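Just so we're clear, the structure is a prediction, and the values are computed from it rather than from any experiment. All residue numbers refer to positions in the sequence shown, counting from 1.
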Amino acid sequence: MDQDNNSEDESVGPSEDPSEEELPCLPPGLSDGEAMELLWQLRAQRRQLSPELPETVTRLTAPDGSLLYLVGTAHFSDSSKKDVATTIRAVQPDVVVVELCQYRVSMLKMDENTLLREAKDINLDKVQQAIKQNGLMSGLMQILLLKVSAHITEQLGMAPGGEFREAFKEAGKVPFCKFHLGDRPIPVTFKRAIAALSLWQKARLAWGLCFLSDPISKEDVEKCKQKDLLEQTMSEMIGEFPALHQTIVAERDIYLTHTLRQATRCVEAPPNAQKVPAVVVGVVGMGHVPGIEKNWEKQLNINEIMSVAPPSRFGWVLRTVIKGIMMGMLGYACYRAGGSLGRALYRHSTLFLMVLWPSCSYIQQRSEIEQV
(Lines give C-alpha, C1' and ligand atoms only; values in the text may rest on other atoms or scores of the structure.)
Protein backbone atom coordinates (compact mmCIF):
# COMPACT_ATOMS: atom_id res chain seq x y z
CA MET A 1 0.00 0.00 0.00
CA ASP A 2 1.55 3.25 -1.12
CA GLN A 3 0.85 6.44 0.78
CA ASP A 4 3.32 8.52 -1.22
CA ASN A 5 1.04 10.47 -3.49
CA ASN A 6 -1.16 12.39 -1.08
CA SER A 7 -1.12 16.08 -1.83
CA GLU A 8 -2.10 19.45 -0.48
CA ASP A 9 -2.89 22.52 -2.58
CA GLU A 10 -0.86 25.12 -0.73
CA SER A 11 2.73 25.73 -1.76
CA VAL A 12 5.64 25.99 0.63
CA GLY A 13 5.94 29.37 2.26
CA PRO A 14 9.03 31.56 1.97
CA SER A 15 11.89 31.17 4.40
CA GLU A 16 12.17 33.56 7.31
CA ASP A 17 15.97 33.46 7.11
CA PRO A 18 17.28 35.51 4.15
CA SER A 19 20.60 33.65 4.32
CA GLU A 20 18.92 30.36 3.39
CA GLU A 21 19.18 29.23 -0.22
CA GLU A 22 15.96 29.46 -2.20
CA LEU A 23 15.12 28.12 -5.64
CA PRO A 24 16.83 30.44 -8.17
CA CYS A 25 15.18 32.53 -10.86
CA LEU A 26 15.97 30.90 -14.18
CA PRO A 27 17.14 32.94 -17.20
CA PRO A 28 14.33 33.70 -19.64
CA GLY A 29 14.05 31.84 -22.91
CA LEU A 30 15.11 28.42 -21.63
CA SER A 31 13.33 25.34 -22.89
CA ASP A 32 11.83 22.94 -20.37
CA GLY A 33 14.68 20.51 -20.89
CA GLU A 34 17.32 23.20 -20.43
CA ALA A 35 15.63 24.49 -17.28
CA MET A 36 15.45 21.01 -15.80
CA GLU A 37 19.10 20.33 -16.56
CA LEU A 38 20.15 23.64 -15.03
CA LEU A 39 18.21 22.97 -11.82
CA TRP A 40 19.61 19.44 -11.66
CA GLN A 41 23.16 20.80 -11.92
CA LEU A 42 22.42 23.43 -9.28
CA ARG A 43 21.23 20.79 -6.84
CA ALA A 44 24.27 18.65 -7.55
CA GLN A 45 26.49 21.63 -6.68
CA ARG A 46 24.67 22.20 -3.39
CA ARG A 47 24.70 18.52 -2.38
CA GLN A 48 27.47 17.64 0.06
CA LEU A 49 29.06 14.26 -0.60
CA SER A 50 30.42 13.82 2.93
CA PRO A 51 28.15 15.99 5.06
CA GLU A 52 28.66 16.55 8.77
CA LEU A 53 25.26 15.69 10.14
CA PRO A 54 23.73 15.69 13.66
CA GLU A 55 24.13 12.64 15.89
CA THR A 56 20.44 11.92 15.48
CA VAL A 57 20.94 11.02 11.79
CA THR A 58 21.45 7.40 10.71
CA ARG A 59 22.66 6.57 7.19
CA LEU A 60 21.30 3.46 5.43
CA THR A 61 22.13 2.17 1.94
CA ALA A 62 19.72 0.46 -0.48
CA PRO A 63 20.83 -2.41 -2.77
CA ASP A 64 20.88 -0.10 -5.81
CA GLY A 65 23.17 2.37 -4.04
CA SER A 66 20.47 4.84 -3.02
CA LEU A 67 21.05 6.54 0.33
CA LEU A 68 18.65 7.12 3.21
CA TYR A 69 19.45 9.70 5.87
CA LEU A 70 17.12 8.84 8.74
CA VAL A 71 16.58 11.71 11.19
CA GLY A 72 15.37 10.56 14.61
CA THR A 73 13.31 13.23 16.34
CA ALA A 74 11.25 14.10 19.40
CA HIS A 75 7.95 15.59 18.27
CA PHE A 76 8.04 18.53 20.71
CA SER A 77 11.69 19.46 20.17
CA ASP A 78 13.22 22.64 18.76
CA SER A 79 16.55 20.90 18.24
CA SER A 80 14.84 18.23 16.13
CA LYS A 81 13.62 20.94 13.78
CA LYS A 82 17.19 22.16 13.40
CA ASP A 83 18.43 18.61 12.77
CA VAL A 84 15.90 18.17 9.98
CA ALA A 85 16.74 21.49 8.33
CA THR A 86 20.49 20.87 8.56
CA THR A 87 20.16 17.42 6.99
CA ILE A 88 17.94 18.46 4.08
CA ARG A 89 20.10 21.46 3.22
CA ALA A 90 23.26 19.36 3.31
CA VAL A 91 22.19 16.34 1.26
CA GLN A 92 19.67 18.02 -1.14
CA PRO A 93 17.42 14.93 -1.32
CA ASP A 94 15.30 13.59 -4.15
CA VAL A 95 12.58 12.61 -1.66
CA VAL A 96 11.65 13.61 1.89
CA VAL A 97 9.53 11.07 3.78
CA VAL A 98 7.82 11.99 7.07
CA GLU A 99 6.09 9.93 9.76
CA LEU A 100 2.62 11.15 8.86
CA CYS A 101 -0.35 9.65 7.04
CA GLN A 102 -3.11 11.25 4.99
CA TYR A 103 -5.29 11.60 8.10
CA ARG A 104 -2.74 13.83 9.82
CA VAL A 105 -1.86 16.26 7.04
CA SER A 106 -3.25 19.09 9.19
CA MET A 107 -0.08 18.63 11.28
CA LEU A 108 1.80 20.62 8.61
CA LYS A 109 -0.26 23.72 9.37
CA MET A 110 -0.99 23.24 13.06
CA ASP A 111 0.38 25.48 15.79
CA GLU A 112 0.01 25.32 19.55
CA ASN A 113 -2.94 27.73 19.59
CA THR A 114 -4.86 25.60 17.12
CA LEU A 115 -4.07 22.41 19.02
CA LEU A 116 -5.14 23.88 22.34
CA ARG A 117 -8.32 25.25 20.82
CA GLU A 118 -9.13 21.85 19.31
CA ALA A 119 -8.47 20.10 22.61
CA LYS A 120 -10.54 22.51 24.70
CA ASP A 121 -13.41 22.34 22.24
CA ILE A 122 -14.11 18.62 22.72
CA ASN A 123 -17.87 18.75 22.28
CA LEU A 124 -20.40 16.00 21.69
CA ASP A 125 -20.26 16.41 17.91
CA LYS A 126 -16.50 15.90 17.91
CA VAL A 127 -16.75 12.81 20.10
CA GLN A 128 -19.48 11.38 17.87
CA GLN A 129 -17.39 12.08 14.76
CA ALA A 130 -14.36 10.35 16.25
CA ILE A 131 -16.48 7.31 17.22
CA LYS A 132 -18.11 7.20 13.78
CA GLN A 133 -14.74 7.25 12.02
CA ASN A 134 -12.88 4.82 14.27
CA GLY A 135 -15.35 2.89 16.39
CA LEU A 136 -16.30 3.37 20.02
CA MET A 137 -13.12 2.51 21.90
CA SER A 138 -10.74 3.83 19.24
CA GLY A 139 -12.68 7.08 18.99
CA LEU A 140 -12.67 7.66 22.74
CA MET A 141 -8.98 6.80 22.94
CA GLN A 142 -8.35 9.34 20.18
CA ILE A 143 -10.08 12.04 22.25
CA LEU A 144 -8.05 11.10 25.32
CA LEU A 145 -4.77 11.24 23.41
CA LEU A 146 -5.77 14.61 22.00
CA LYS A 147 -6.12 15.90 25.56
CA VAL A 148 -2.69 14.51 26.48
CA SER A 149 -1.18 16.17 23.42
CA ALA A 150 -2.82 19.46 24.40
CA HIS A 151 -1.45 19.10 27.95
CA ILE A 152 2.11 18.70 26.67
CA THR A 153 1.60 21.58 24.22
CA GLU A 154 0.41 23.86 27.02
CA GLN A 155 3.34 22.87 29.25
CA LEU A 156 5.99 23.42 26.57
CA GLY A 157 4.44 26.31 24.66
CA MET A 158 4.84 24.56 21.29
CA ALA A 159 2.79 22.27 19.09
CA PRO A 160 3.95 18.78 18.12
CA GLY A 161 5.28 18.04 14.67
CA GLY A 162 7.49 21.08 14.19
CA GLU A 163 10.07 18.86 12.51
CA PHE A 164 7.50 17.77 9.89
CA ARG A 165 6.59 21.35 9.09
CA GLU A 166 10.29 22.15 8.85
CA ALA A 167 10.80 19.19 6.49
CA PHE A 168 7.90 20.34 4.31
CA LYS A 169 9.31 23.86 4.13
CA GLU A 170 12.88 22.77 3.39
CA ALA A 171 11.80 20.22 0.77
CA GLY A 172 10.21 23.07 -1.17
CA LYS A 173 13.62 24.71 -1.56
CA VAL A 174 15.27 21.67 -3.15
CA PRO A 175 14.85 21.27 -6.94
CA PHE A 176 12.92 18.12 -7.93
CA CYS A 177 12.40 17.09 -4.29
CA LYS A 178 9.20 15.14 -3.61
CA PHE A 179 7.41 15.06 -0.27
CA HIS A 180 5.95 11.69 0.77
CA LEU A 181 3.76 10.51 3.64
CA GLY A 182 5.30 7.38 5.12
CA ASP A 183 3.19 6.25 8.09
CA ARG A 184 0.42 3.68 8.32
CA PRO A 185 -3.08 5.27 8.34
CA ILE A 186 -3.78 6.15 11.95
CA PRO A 187 -7.29 4.61 12.09
CA VAL A 188 -5.71 1.24 11.27
CA THR A 189 -3.17 1.69 14.07
CA PHE A 190 -5.86 2.70 16.56
CA LYS A 191 -8.16 -0.18 15.72
CA ARG A 192 -5.38 -2.77 15.84
CA ALA A 193 -4.07 -1.32 19.11
CA ILE A 194 -7.48 -1.36 20.79
CA ALA A 195 -8.24 -4.85 19.48
CA ALA A 196 -4.95 -6.14 20.91
CA LEU A 197 -5.60 -4.87 24.46
CA SER A 198 -7.62 -6.64 27.11
CA LEU A 199 -10.43 -4.73 28.79
CA TRP A 200 -8.27 -4.32 31.90
CA GLN A 201 -5.39 -2.92 29.85
CA LYS A 202 -7.75 -0.53 28.05
CA ALA A 203 -9.05 0.71 31.40
CA ARG A 204 -5.53 1.19 32.82
CA LEU A 205 -4.34 3.07 29.75
CA ALA A 206 -7.46 5.24 29.59
CA TRP A 207 -7.16 6.08 33.31
CA GLY A 208 -3.56 7.14 32.88
CA LEU A 209 -4.37 9.33 29.88
CA CYS A 210 -7.42 10.88 31.60
CA PHE A 211 -5.56 12.14 34.64
CA LEU A 212 -2.25 13.27 33.18
CA SER A 213 -1.13 16.41 35.02
CA ASP A 214 2.59 15.98 35.68
CA PRO A 215 4.76 18.95 34.68
CA ILE A 216 6.90 18.52 31.55
CA SER A 217 9.93 20.58 30.58
CA LYS A 218 11.87 21.02 27.36
CA GLU A 219 14.76 19.24 29.06
CA ASP A 220 12.51 16.20 29.52
CA VAL A 221 11.77 16.24 25.79
CA GLU A 222 15.43 16.33 24.82
CA LYS A 223 16.16 13.43 27.18
CA CYS A 224 13.75 11.33 25.13
CA LYS A 225 16.32 11.41 22.31
CA GLN A 226 18.99 9.79 24.47
CA LYS A 227 19.47 6.20 23.32
CA ASP A 228 19.95 4.63 26.75
CA LEU A 229 16.91 6.35 28.29
CA LEU A 230 14.82 5.52 25.24
CA GLU A 231 15.77 1.84 25.37
CA GLN A 232 14.99 1.69 29.09
CA THR A 233 11.57 3.28 28.63
CA MET A 234 10.82 1.02 25.67
CA SER A 235 11.66 -2.03 27.77
CA GLU A 236 9.32 -0.85 30.51
CA MET A 237 6.55 -0.24 27.99
CA ILE A 238 6.97 -3.73 26.52
CA GLY A 239 6.65 -5.15 30.03
CA GLU A 240 3.54 -3.10 30.86
CA PHE A 241 1.76 -3.12 27.47
CA PRO A 242 3.36 -5.64 25.10
CA ALA A 243 0.39 -5.61 22.70
CA LEU A 244 0.42 -1.82 22.56
CA HIS A 245 4.14 -1.78 21.82
CA GLN A 246 3.60 -4.32 19.03
CA THR A 247 0.88 -2.32 17.26
CA ILE A 248 2.04 1.25 17.88
CA VAL A 249 5.79 0.73 17.59
CA ALA A 250 6.85 -2.56 15.99
CA GLU A 251 4.19 -2.72 13.28
CA ARG A 252 4.73 0.91 12.33
CA ASP A 253 8.47 0.23 12.19
CA ILE A 254 7.66 -2.31 9.48
CA TYR A 255 5.34 0.03 7.60
CA LEU A 256 7.77 2.96 7.77
CA THR A 257 10.59 0.72 6.54
CA HIS A 258 8.41 -0.33 3.62
CA THR A 259 7.61 3.22 2.54
CA LEU A 260 11.18 4.40 3.05
CA ARG A 261 12.48 1.57 0.86
CA GLN A 262 9.94 2.50 -1.80
CA ALA A 263 11.26 6.05 -1.72
CA THR A 264 14.87 4.92 -2.12
CA ARG A 265 14.48 3.87 -5.72
CA CYS A 266 16.64 5.15 -8.53
CA VAL A 267 15.53 8.43 -10.09
CA GLU A 268 15.75 9.67 -13.66
CA ALA A 269 18.37 12.33 -14.31
CA PRO A 270 17.79 14.88 -17.08
CA PRO A 271 18.30 15.29 -19.96
CA ASN A 272 18.51 11.61 -21.01
CA ALA A 273 16.43 10.07 -18.16
CA GLN A 274 19.38 7.99 -16.99
CA LYS A 275 18.68 6.06 -13.79
CA VAL A 276 20.83 7.20 -10.84
CA PRO A 277 20.74 6.28 -7.12
CA ALA A 278 18.37 8.41 -5.07
CA VAL A 279 19.08 10.42 -1.94
CA VAL A 280 16.26 10.32 0.61
CA VAL A 281 15.71 11.99 3.97
CA GLY A 282 13.37 10.23 6.38
CA VAL A 283 11.96 12.10 9.39
CA VAL A 284 10.62 9.76 12.08
CA GLY A 285 10.30 9.60 15.85
CA MET A 286 13.51 8.49 17.55
CA GLY A 287 11.74 5.41 18.91
CA HIS A 288 11.27 4.06 15.37
CA VAL A 289 14.93 4.32 14.29
CA PRO A 290 16.13 1.00 15.81
CA GLY A 291 13.21 -0.91 14.27
CA ILE A 292 13.78 0.59 10.83
CA GLU A 293 17.46 -0.32 11.01
CA LYS A 294 16.53 -3.85 12.07
CA ASN A 295 14.01 -4.28 9.23
CA TRP A 296 15.95 -2.48 6.51
CA GLU A 297 17.28 -5.59 4.76
CA LYS A 298 14.41 -7.96 5.60
CA GLN A 299 11.61 -9.19 3.36
CA LEU A 300 8.50 -7.37 4.55
CA ASN A 301 4.80 -8.09 4.11
CA ILE A 302 2.65 -5.16 5.20
CA ASN A 303 -0.67 -6.77 4.26
CA GLU A 304 -0.82 -8.62 7.58
CA ILE A 305 -0.52 -5.37 9.57
CA MET A 306 -3.19 -3.52 7.62
CA SER A 307 -6.32 -5.36 8.81
CA VAL A 308 -8.27 -5.91 12.01
CA ALA A 309 -9.66 -9.38 12.69
CA PRO A 310 -13.45 -9.35 13.23
CA PRO A 311 -14.62 -10.47 16.70
CA SER A 312 -16.68 -13.60 17.30
CA ARG A 313 -20.46 -13.15 17.70
CA PHE A 314 -20.41 -13.94 21.42
CA GLY A 315 -17.36 -11.77 21.96
CA TRP A 316 -19.03 -8.94 20.06
CA VAL A 317 -22.15 -9.10 22.23
CA LEU A 318 -20.12 -9.22 25.44
CA ARG A 319 -17.87 -6.36 24.39
CA THR A 320 -20.85 -4.28 23.29
CA VAL A 321 -22.43 -4.54 26.73
CA ILE A 322 -19.19 -3.76 28.55
CA LYS A 323 -18.31 -0.94 26.16
CA GLY A 324 -21.72 0.60 26.71
CA ILE A 325 -20.95 0.79 30.42
CA MET A 326 -17.44 2.10 29.84
CA MET A 327 -18.57 4.68 27.28
CA GLY A 328 -20.19 6.90 29.86
CA MET A 329 -17.19 6.63 32.15
CA LEU A 330 -14.61 7.36 29.46
CA GLY A 331 -16.76 9.99 27.77
CA TYR A 332 -17.03 11.87 31.05
CA ALA A 333 -13.31 11.46 31.67
CA CYS A 334 -12.55 13.13 28.32
CA TYR A 335 -13.76 16.41 29.85
CA ARG A 336 -11.64 16.12 32.94
CA ALA A 337 -8.02 16.87 33.70
CA GLY A 338 -5.95 16.77 36.84
CA GLY A 339 -5.36 14.09 39.42
CA SER A 340 -2.26 11.93 39.63
CA LEU A 341 -0.74 9.36 37.31
CA GLY A 342 1.52 6.39 38.00
CA ARG A 343 5.05 7.01 36.82
CA ALA A 344 5.06 4.06 34.44
CA LEU A 345 1.85 5.11 32.69
CA TYR A 346 3.04 8.70 32.63
CA ARG A 347 6.30 7.78 30.94
CA HIS A 348 4.55 5.58 28.41
CA SER A 349 1.90 8.07 27.32
CA THR A 350 4.41 10.92 27.23
CA LEU A 351 6.85 8.86 25.20
CA PHE A 352 4.17 8.03 22.63
CA LEU A 353 3.58 11.69 21.95
CA MET A 354 7.12 13.02 22.29
CA VAL A 355 8.94 10.35 20.33
CA LEU A 356 6.54 7.93 18.64
CA TRP A 357 3.16 9.52 18.11
CA PRO A 358 3.13 12.63 15.86
CA SER A 359 -0.29 13.99 16.88
CA CYS A 360 -3.81 12.90 17.63
CA SER A 361 -5.44 16.06 16.23
CA TYR A 362 -6.70 14.45 13.05
CA ILE A 363 -10.44 14.79 13.66
CA GLN A 364 -10.62 17.20 10.73
CA GLN A 365 -11.61 16.25 7.20
CA ARG A 366 -9.08 14.17 5.26
CA SER A 367 -6.87 16.30 3.02
CA GLU A 368 -3.92 15.69 0.77
CA ILE A 369 -0.38 16.97 0.23
CA GLU A 370 0.99 18.05 -3.12
CA GLN A 371 4.36 16.62 -4.09
CA VAL A 372 6.86 19.47 -3.88
Side-chain angles (χ1 to χ4, degrees), residues 1-53 57 59-71 84-98 100-102 105 108-109 163-182 258-283 367-372:
M1 184 173 181
D2 190 351
Q3 300 296 331
D4 296 344
N5 297 321
N6 299 287
S7 62
E8 179 176 283
D9 294 333
E10 290 197 2
S11 59
V12 177
S15 169
E16 298 179 359
D17 186 349
S19 65
E20 294 176 3
E21 292 182 311
E22 302 284 354
L23 289 174
C25 295
L26 298 176
L30 293 178
S31 66
D32 290 344
E34 290 171 335
M36 290 180 64
E37 187 172 2
L38 182 61
L39 287 172
W40 188 272
Q41 293 173 354
L42 174 65
R43 190 183 65 175
Q45 293 172 0
R46 291 180 177 179
R47 179 176 287 172
Q48 300 176 24
L49 299 180
S50 300
E52 293 185 7
L53 300 176
V57 179
R59 174 172 155 161
L60 299 173
T61 304
D64 61 8
S66 297
L67 296 176
L68 169 64
Y69 294 92
L70 191 62
V71 188
V84 169
T86 297
T87 303
I88 293 177
R89 293 173 194 170
V91 306
Q92 295 287 296
D94 299 286
V95 184
V96 171
V97 182
V98 296
L100 290 176
C101 67
Q102 68 268 34
V105 169
L108 297 175
K109 300 177 181 178
E163 75 275 30
F164 300 138
R165 292 186 287 276
E166 193 72 15
F168 186 58
K169 181 180 72 173
E170 292 295 331
K173 303 173 187 177
V174 180
F176 303 104
C177 184
K178 296 179 180 180
F179 191 88
H180 289 183
L181 306 175
H258 170 75
T259 52
L260 287 166
R261 289 202 315 212
Q262 283 190 318
T264 53
R265 292 179 290 196
C266 286
V267 296
E268 295 182 352
N272 55 8
Q274 179 183 1
K275 294 283 188 178
V276 297
V279 174
V280 177
V281 170
V283 183
S367 56
E368 301 179 342
I369 290 188
E370 182 176 22
Q371 288 188 348
V372 179

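Between Arg47 and Val279, the closest side-chain pair of non-hydrogen atoms falls below 4.5 Å. For the pair Met36/Pro175, no side-chain contact is recorded, criterion being any heavy-atom separation below 4.5 Å from C-beta on. Looking at Glu268 and Lys275, their side chains come closer than 4.5 Å, going by heavy atoms from C-beta outward. By the 4.5 Å heavy-atom criterion applied to side chains, Pro93 and Ile88 are counted as neighbours. Two residues are said to be in side-chain contact when any heavy atoms from C-beta on lie closer than 4.5 Å; Val98 and Leu181 meet this criterion. Counting heavy atoms from C-beta on, the side chains of Thr86 and Val57 never come closer than 4.5 Å.
Nearest heavy atom pair, residue Cys266 against residue Ser66, reads N-OG, 4.1 Å. In terms of heavy-atom proximity, Trp40 sits nearest to Phe176 at N-CE1, 3.5 Å. Listed here is the closest heavy atom pair of Ala278 and Val267: CB-CG1, 3.9 Å. Residue Val97 comes nearest to Val280 through the heavy atom pair CG2-CG1, 4.1 Å, listed as atom of the first residue, atom of the second, then distance. Of all heavy-atom pairs spanning Gly282 and Leu68, the tightest one is N-CD1, 3.7 Å. Heavy atoms only, all atoms of each residue included: Phe179 and Ala167 are closest at CE1-C, 3.8 Å.
Side-chain atoms of Arg59 do not come within 3.5 Å of backbone N or O of Tyr69 as any donor-acceptor pair. Here the side chain of Arg46 pairs no donor or acceptor atom with the backbone of Arg43 at under 3.5 angstrom.
Leu70 contributes atom CG, which lies 10.0 Å from atom OG1 of Thr87 (distance to the nearest 0.5 angstrom). Rounding to the nearest 0.5 Å gives a distance of 6.0 Å between CG of Leu100 and CG of Leu108.
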